Amino acid sequence: MANAIDQSRISIRPFKEDGIEDVLLWLGDDRVVKNTRLEMCNSREEALNFIKNEWIYPSYQSICLDDHSIGVFWILSYNDWKHSANLGYAIGFNYWGQGIVTKALKILLSKMFQKFPGLVRLEAYTVVENKASQRVLEKVGFHREGLLRKYVNHKGCIADLYIF
């Protein structure tokens, strides 16, 4: 692991309109979005649109370091939070391998299961090549359930996904 980050500096919160520059730093980086369902963001206007119109709390939350947005969590429910939902995340390249997502995910999970007591299943998918995300999910208690072959068209390619 790279230099450890003081975990008290890590938080999650709704996105803020004045955080556009922070968001552009990581959402404009292909290394960050390549293994996610996110599309690259190339302008302040696109970032503002995400923050104002698409990344609505509590479904989308900002991963923060010293209150600066360095990534995103999304939890999407296909049944109005009745019992199951899908988790995804991305974090800026400069923060990979420092334990930030693991800590932030523990915070998020605690809040989500308190806020939505009927939520009993939270699933996450990773492309097979994304070993780092697989390790993060396992560290916070997810279990690999299986391999979904040719499951999704991911960025123009049919891809296998692990489900956790």
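Please read all numbers here as calculations on a predicted model, not as lab measurements.
Rounded to the nearest 0.5 angstrom, His68 NE2 and Ile63 CD1 are separated by 15.5 Å. For the atom pair CD of Glu123 and CZ of Phe164, the computed distance is 12.5 Å after rounding to the nearest 0.5 Å. One finds the CD1 atom of Ile91 at 9.5 Å from the OG atom of Ser69 (value rounded to the nearest 0.5 Å). We find the CD-CG distance between Gln7 and Leu65 to be 11.0 Å, quoted to the nearest 0.5 Å. For the atom pair Ile20 CD1 and Leu48 CG, the distance stands at 4.0 Å (nearest 0.5 Å). Rounded to the nearest 0.5 angstrom, Asp160 CG and Thr126 OG1 are separated by 10.5 Å.
With contacts defined as side-chain heavy-atom distances shorter than 4.5 Å, the pair Val140/Thr102 qualifies. Side-chain contact between Tyr95 and Val32: absent, with no pair of heavy atoms (C-beta onward) separated by less than 4.5 Å. Using a 4.5 Å heavy-atom cutoff, the side chains of Met112 and Gln61 are in contact. Contact annotation: the side chain of Val152 never approaches that of Ile158 to less than 4.5 Å [non-hydrogen atoms, C-beta and beyond]. Counting only heavy atoms from C-beta outward, the side chains of Tyr57 and Arg13 never approach each other to under 4.5 Å. Considering only heavy atoms from C-beta on, Leu27 stays 4.5 Å or farther from Glu46 through its side chain. Put simply, the side chain of Leu137 reaches to within 4.5 Å of the side chain of Tyr89, judged on heavy atoms. The closest side-chain heavy-atom distance from Ile70 to Asp22 is not below 4.5 Å.
Put simply, the side chain of Ser110 never gets that close to the backbone of Ile107: no donor and acceptor are under 3.5 Å apart. Although no hydrogens or angles enter the test, the distance criterion places a donor-acceptor pair under 3.5 Å between the side chain of Gln134 and the main chain of Asn130. Within the 3.5 Å criterion, the main-chain N or O of Val33 finds a donor-acceptor partner in the side chain of Lys155. With Asp6 contributing its side chain and Ser8 its backbone, the two residues share a donor-acceptor pair below 3.5 Å. With hydrogens and angles disregarded, no donor-acceptor distance shorter than 3.5 Å links the side chain of Trp26 to the backbone of Phe93.
Around the CZ atom of Arg121, the shell of radius 6.0 Å holds more than 12 heavy atoms that belong to other residues, nucleotides or ligands. Around the NZ atom of Lys131, the shell of radius 6.0 Å holds more than 12 heavy atoms that belong to other residues, nucleotides or ligands. For Tyr60, the OH atom is densely surrounded, since the number of other residues' heavy atoms within 6.0 Å is greater than 12. Counted within 6.0 Å of NZ on Lys52, heavy atoms from surrounding residues, nucleotides or ligands total 12 or fewer; the atom is thus considered open.
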Verify side-chain contact (heavy atoms from CB on, under 4.5 Å) between Thr36 and Val72, making sure each step is shown before the conclusion.
CA-CA 11 Å; Thr36 73; Val72 61; over 6 Å; no
Check the pair Arg37, Asn86 against side-chain contact (heavy atoms from CB on, under 4.5 Å), reporting the backbone distance first and the verdict last.
CA-CA 12 Å; Arg37 65 178 67 197; Asn86 180 274; 3.3 Å; yes
Does Phe113 form a side-chain contact (heavy atoms from CB on, under 4.5 Å) with Leu122? I'd like the steps, not just the answer.
CA-CA 10 Å; Phe113 285 106; Leu122 188 57; 4.2 Å; yes
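The residues Asp67 and Lys16 are annotated as salt-bridged, a charged nitrogen and a carboxylate oxygen being separated by less than 4.0 angstrom.
Linking Ile, Leu, Val, Met, Phe, Trp and Tyr whenever their side-chain heavy atoms come within less than 4.5 Å leaves Val127 and Tyr162 in two separate clusters. Transitive grouping of hydrophobic side chains (ILVMFWY, heavy atoms separated by less than 4.5 Å) keeps Tyr151 and Leu76 in distinct clusters. Residues Leu38 and Val101 fall within the same hydrophobic cluster, defined by Ile, Leu, Val, Met, Phe, Trp and Tyr side chains chained together at heavy-atom separations under 4.5 Å.
In terms of heavy-atom proximity, Pro58 sits nearest to Phe116 at CG-CZ, 4.1 Å. For the pair Cys41 and Ala47, the tightest heavy-atom approach, listed with the atom from each and the gap, is SG-N, 3.3 Å. In terms of heavy-atom proximity, Ala85 sits nearest to Leu119 at N-CD1, 3.8 Å.
Classified by interplanar angle (parallel below 30°, tilted 30° to 60°, perpendicular above 60°), the ring pair Phe50/Trp55 is parallel.
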